[in-house]
*Asks:* 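Let me begin by handing over the structure; questions about it come next.
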Protein chains: 2
Amino acid sequence: MNLNSKGHVLPSVNNTPGYRKVAETIEGEILKGNLKVGDLLPIESDLAAQLGVNRSTIREGIRALENSGLLRRVEAKRLVIAAPDATMIARANSRAMGLNRVTFQELWELQMELEPFAAQLAAERINEDQSHRLLATIKELEDNLANDEAVIQHDIAFHNLIADATGNRALCLSAAPIGMLLFSATEDLYRNVPRARHRLLEAHRAIAEAIVRHDAPGARGWMAKHIQDFRRGYEAGGLPLDAPISFDARAFG
Amino acid sequence: MNLNSKGHVLPSVNNTPGYRKVAETIEGEILKGNLKVGDLLPIESDLAAQLGVNRSTIREGIRALENSGLLRRVEAKRLVIAAPDATMIARANSRAMGLNRVTFQELWELQMELEPFAAQLAAERINEDQSHRLLATIKELEDNLANDEAVIQHDIAFHNLIADATGNRALCLSAAPIGMLLFSATEDLYRNVPRARHRLLEAHRAIAEAIVRHDAPGARGWMAKHIQDFRRGYEAGGLPLDAPISFDARAFG
DNA sequence: CATTATCCGATTGTCGGACAATGGTCCAGC
DNA sequence: GCTGGACCATTGTCCGACAATCGGATAATG
């Protein structure tokens, strides 16, 4: 910390504000394992005393960490050290990609590489419980084919389930934001090309069945076909491939 | 906002604290395009007046957004709306993966899928400038082969350059955190297996040359070989594949 | 007139203190 | 031993103040 008696930094060449140093200090303690996941964060007053700054400054530092998922509330009051949640990271990533005006083309290209791979791995490794949930999602889609919003939510969830089934959390984290962005951009698609939803259902069914019967090549093949088809549908729906993806604020609320 | 005269929330069922609502409000304005990237964030006092809360509360909300990259300082004072920076996102992602105790195995599996793909795309699309930088990085490695820290930094930078050369920002964002984690975990490797660094140099040279001469299949092949070899080296170095990756706090400072 | 030095206002960073709300704790009484 | 209420700890919010500093306006200078 090193603040002088009045709480202001000593010389002049110390640009980083106090709240940032607080955040970095706490983050450092977490990364160094000094504060372990699950531990309670010390109360604000103690932190203020320990780091020699005012409670307000501590609070500002905490907010930064809280937002990035390193701190999480458990009992409405105290904060605990936590590992960033997957969906929170996915949200941050899609937000970043969206604001960086990533194009459909870029996202699709990556998805075309990741999703068939995920499907293949999932087919090799999926367990009973995950199989059940995968098939249940398909059923749910059947019942809500008319509801565009529900179709989109299903689409995202379906692909997330497959990623989950690979048991590879790195893959989950990488794939989630892509699906989140691509699929939430398909709203217009279902309006412009109503039968797209039926093709979606059939494709998902074929993929799910292949995965559940542990047919890895089949799962990969169906998924590749599905993603290709998704692009054709997007194009046929009159949506531009090279424009920044129009990302829907609602998906991130 | 909806705070009562004393600045406290009206009923009881309103759990979300004010600073979070502030953050969400501002984030919403950004995502809705009401505040565009590059715009100056209104000054704290104005925001406080607009949202009907105290300046302290506004500040806490701002901290959250600042940390996630949506706000960035330009002139040491005012904050501007910004698109989250790629390296900042990569840092957040690797931190998340590390704290979630992702294993080497998981990361490597994904890398084995992504990197050859990236190398292939890079070979198809790399431009003059990028070629130059790629080769320069190799030269730099030659001069610093003895410095383990420099070797690791080169390794990360080299793979990032290749991702850049694909022109696919989604791919960049996905690949960066993986490299960041995997390569910074190789510190012990170079100590235990000194000649690993020479193999690294040769492999990188072969990959770079293939990319620069636009030999896509060659680039993919060399890269695949390189990643396979990386795993063998990691294993040979006595590092555990199934343990959570030991991630170095220094890489995230 | 152009250039530099100076000053001033606007804005952020930090402080200290205050208080309401609320969850948790602990003791009294049954 | 259990329950209910008093009490305390902790967070969320507000308020007012002030130092530091950046940017621009203004004055001094050649």
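A, B, ... follow the sequence lines: proteins, then strands. Residue 1 opens every chain. Note that the structure is a prediction, hence the values are computed from the model and not measured.
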*Asks:* Would A:E109 and B:L121 count as a side-chain contact (heavy atoms from CB on, under 4.5 Å) here? Give the steps.
*Replies:* CA-CA 10 Å; A:E109 186 171 85; B:L121 286 186; 3.2 Å; yes

*Asks:* Does C:dG16 have its OP1 or OP2 closer than 4.0 Å to a side-chain nitrogen or oxygen of A:S56?
*Replies:* no

*Asks:* Calculate the interatomic distance between A:I58 atom CD1 and C:dG13 atom P; express it in whole Å.
*Replies:* 16 Å

*Asks:* Rounded to the Å, how far apart are A:R78 CZ and C:dT22 P?
*Replies:* 19 Å

*Asks:* Atom CD1 of A:I43 to atom C1' of D:dA9: distance rounded to whole Å?
*Replies:* 7 Å

*Asks:* Measuring from the side chain of A:K77 (C-beta onward, heavy atoms only), which nucleotide among D:dG12, C:dC15, D:dT10 has the closest atom?
*Replies:* D:dT10

*Asks:* Whole angstrom is fine here: how far is it from CG in A:L40 over to P in C:dG24?
*Replies:* 11 Å

*Asks:* Examine distances only and state if a side-chain atom of B:Q130 and a backbone atom of B:N127 form a donor-acceptor pair shorter than 3.5 Å.
*Replies:* yes

*Asks:* Check A:E66 with A:R63, please: is the shortest side-chain N to carboxylate O separation under 4.0 Å?
*Replies:* yes

*Asks:* Using only heavy-atom distances, determine whether the side chains of B:E140 and B:H154 contain a donor-acceptor pair under 3.5 Å.
*Replies:* no

*Asks:* Round to the nearest Å and state the distance from A:E60 atom CD to C:dC15 atom P.
*Replies:* 10 Å

*Asks:* Counting the atoms with a prime plus P, OP1 and OP2 as sugar-phosphate, which does B:R20 contact under 4.0 Å by heavy atoms, base, sugar-phosphate, or nothing?
*Replies:* nothing

*Asks:* Are B:R73 and C:dG13 close enough that a side-chain N or O sits under 4.0 Å from OP1 or OP2?
*Replies:* yes

*Asks:* Are OP1 or OP2 of D:dT13 and a side-chain N or O of B:Y19 less than 4.0 angstrom apart?
*Replies:* no

*Asks:* Would B:D143 and B:K139 pass as an ion pair if we require N to O under 4.0 Å?
*Replies:* no

*Asks:* Please determine whether a side-chain nitrogen or oxygen atom of B:R59 lies at a distance below 4.0 Å from atom OP1 or OP2 of D:dC14.
*Replies:* no

*Asks:* Quick one: which of D:dG12, D:dT11, C:dC15 gets closest to the side chain of A:T57?
*Replies:* C:dC15

*Asks:* If I take atom CG in residue A:L47 and atom P in nucleotide D:dT10, what distance separates them, rounded to the nearest angstrom?
*Replies:* 12 Å

*Asks:* Give a yes/no on whether any side-chain N or O of A:R55 is located under 4.0 angstrom from OP1 or OP2 of C:dG16.
*Replies:* no

*Asks:* In whole angstroms, how far is the P atom of C:dT11 from the CD atom of B:E66?
*Replies:* 18 Å

*Asks:* Determine: side-chain N/O of B:S45 to OP1/OP2 of C:dT11, distance under 4.0 Å, yes or no.
*Replies:* no

*Asks:* Are any of A:N54's side-chain N or O atoms less than 4.0 Å away from OP1 or OP2 of C:dG16?
*Replies:* yes

